[in-house]
Number of protein chains: 2
Amino acid sequence: MRMQQTQLKEPARIPSDPIQRAWIALGRVSQAIREDVELALKNARLPDITWYTVLWELERAAKPTRPKDLAIPLFILPYQLSRLVDRMEEEGLVKRIACPEDKRGHLLEPTPEGYEMRKRMWTVYAPAMDEAMKRIGDAEALQLAQLLNRLGGIDYPVPPKA
Amino acid sequence: MRMQQTQLKEPARIPSDPIQRAWIALGRVSQAIREDVELALKNARLPDITWYTVLWELERAAKPTRPKDLAIPLFILPYQLSRLVDRMEEEGLVKRIACPEDKRGHLLEPTPEGYEMRKRMWTVYAPAMDEAMKRIGDAEALQLAQLLNRLGGIDYPVPPKA
DNA sequence: GAGGCGTTGTTGCGAATGCAACAAACTCAG
DNA sequence: CTGAGTTTGTTGCATTCGCAACAACGCCTC
């Protein structure tokens, strides 16, 4: 007698043509846009976007924050953050302060120079972003954001940048 | 007397909220999706997506191709491609052959192992891409591709992957 | 409070990266 | 032909990266 077996392995699906087109466009365009903005920052002798994001996340938190609580929203690995903070600390933009309730970790806080640097970066970052995205209007941008967030399984609205 | 001066510097625009949301979603989602697929390849002990793309581009060209003609569609810098080919050649996936009409360059061609490797990678790449993109349907994917291509200023249809 | 286990963060090391300098070949005006 | 200028591709070097190993602490059970 034949029984319906529990399907252990799905059939290996091949992406449809529209999916492939979306995949390719996503790769190419996100890279191009990102490079445009990074170049603008580099030309202004300013640090990487990552630095901005760290500073901004710390500023949003509005209180000293532990690395582990930053790594998640930043989408980066612990060891990446560790060395990132090393370099930012060397440049005097953040400082590690002792963490009272967990002696292995510490709390991260921007220095005054850190706050100022983020603001200075924004004066370059913002126009560069605007320029890089100028080919689409607000309505399209919103639609794009919604499609992307659905694709990424994000169903809460992501807070804007600054 | 006041004259209308030629506007040398545009007013530094701040991205609208929808633009910022699209920007953020683009960064986050493209990274997440890409990592999913790269992980699948890594778990299968297969090379990087970049390798796939080089092999695929060479296969599409259907004839030995010069590095400079590859670097553009691949969106990578000459020196990146140079070392990439070094490594692929070491692994026996492509070979550099002398270029008759320009002695400083050479022509790139996949080896038989190269063709086979691309095919093998596709058996992992394709399902991984499909899985990573499963949250959207074909109609949405098409819409997404169109929006992205408009954003990137690409107005020719990008050929699908394989 | 000792021992096992998960968490948090860092680091040594080999590989990869970006940048600027470079070599070699092509082009073309004079 | 000669020499200036461009194109094509590579490489030395310092920086950065990924991975796996590691130290240090917290937590929980006995």
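Hydrogens, waters and symmetry mates are skipped; everything else that's a heavy atom, side chains included, is used. Below, chain A is the first sequence line, B the second, and so on; all start at residue 1. Only a predicted model underlies this, so the values are computations on that prediction, with no experimental measurement involved.
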Charged N to carboxylate O under 4.0 angstrom, Glu90(B) versus Arg87(B)? no
Phosphate-side-chain proximity, Tyr79(A) and dG18(D), N/O vs OP1/OP2 below 4.0 Å: yes
Is any NZ, NE, NH1 or NH2 atom of the basic residue among Glu116(A) and Lys119(A) found under 4.0 Å from an Asp or Glu carboxylate oxygen of the other? no
Once you round it to whole Å, what is the distance between P of dT16(D) and CG of Leu81(A)? 15 Å
Gap between atoms CG and P, on Leu77(B) and dT17(C) respectively (whole Å): 12 Å
Whether the side chain of Glu89(B) engages the backbone of Arg96(B) through a donor-acceptor N/O pair (distance < 3.5 Å, no angle test) should be reported. yes
Any donor and acceptor pair, going by atom type alone, linking the side chain of Thr65(B) with main-chain N or O of Lys63(B) inside 3.5 Å? yes
Distance, rounded to the nearest Å, where Lys68(A) contributes NZ and dC25(D) contributes P: 17 Å
If you only use heavy atoms from C-beta on, which nucleotide in dT11(D), dT10(C), dG9(D) is closest to the side chain of Asp86(B)? dT11(D)
Using 4.0 Å as the upper bound for N to carboxylate O, is an ion pair formed by Arg21(B) and Asp17(B)? yes
Rounded distance in Å - CH2 (Trp51(A)) to P (dT15(D)): 13 Å
Using atom CG of Leu84(A) as one end and atom C1' of dT10(C) as the other, report the distance to the nearest whole Å. 14 Å
Side chain of Arg28(A), backbone of Pro73(B): donor and acceptor closer than 3.5 Å? yes
Let's see if you get this right: which residues in residues 100-109 of chain B place a heavy atom under 4.0 Å from DNA chain D? Arg104(B), Gly105(B), His106(B)
Could you state the atom-to-atom distance from CZ of Arg66(B) to C1' of dG9(D) in whole Å? 9 Å
Under 4.0 Å, counting only non-hydrogen atoms across every strand here, what does Pro78(B) touch: a base, just sugar-phosphate, or nothing? base
Give a yes/no answer on whether the side chain of Gln80(B) brings an N or O atom under 4.0 Å of OP1 or OP2 in dT17(C). no
Passes salt bridge (charged side-chain N to carboxylate O under 4.0 Å, His left out), Glu38(B) versus Arg34(B)? Steps please. CA-CA 6 Å; Glu38(B) 300 221 296; Arg34(B) 170 171 251 264; 3.3 Å; yes
What is the separation between atom CD on Glu89(B) and atom P on dG9(D), rounded to the nearest whole Å? 14 Å
Select one nucleotide: of dC13(D), dT8(C), dT11(C), the one nearest the side-chain heavy atoms of Arg83(B). dC13(D)
Expressed as a whole number of angstroms, how long is the span from Glu35(A):CD to dT17(C):C1'? 13 Å
So which one's nearest nucleotide on DNA chain C is more toward 5', Ser82(A) or Lys42(A)? Ser82(A)
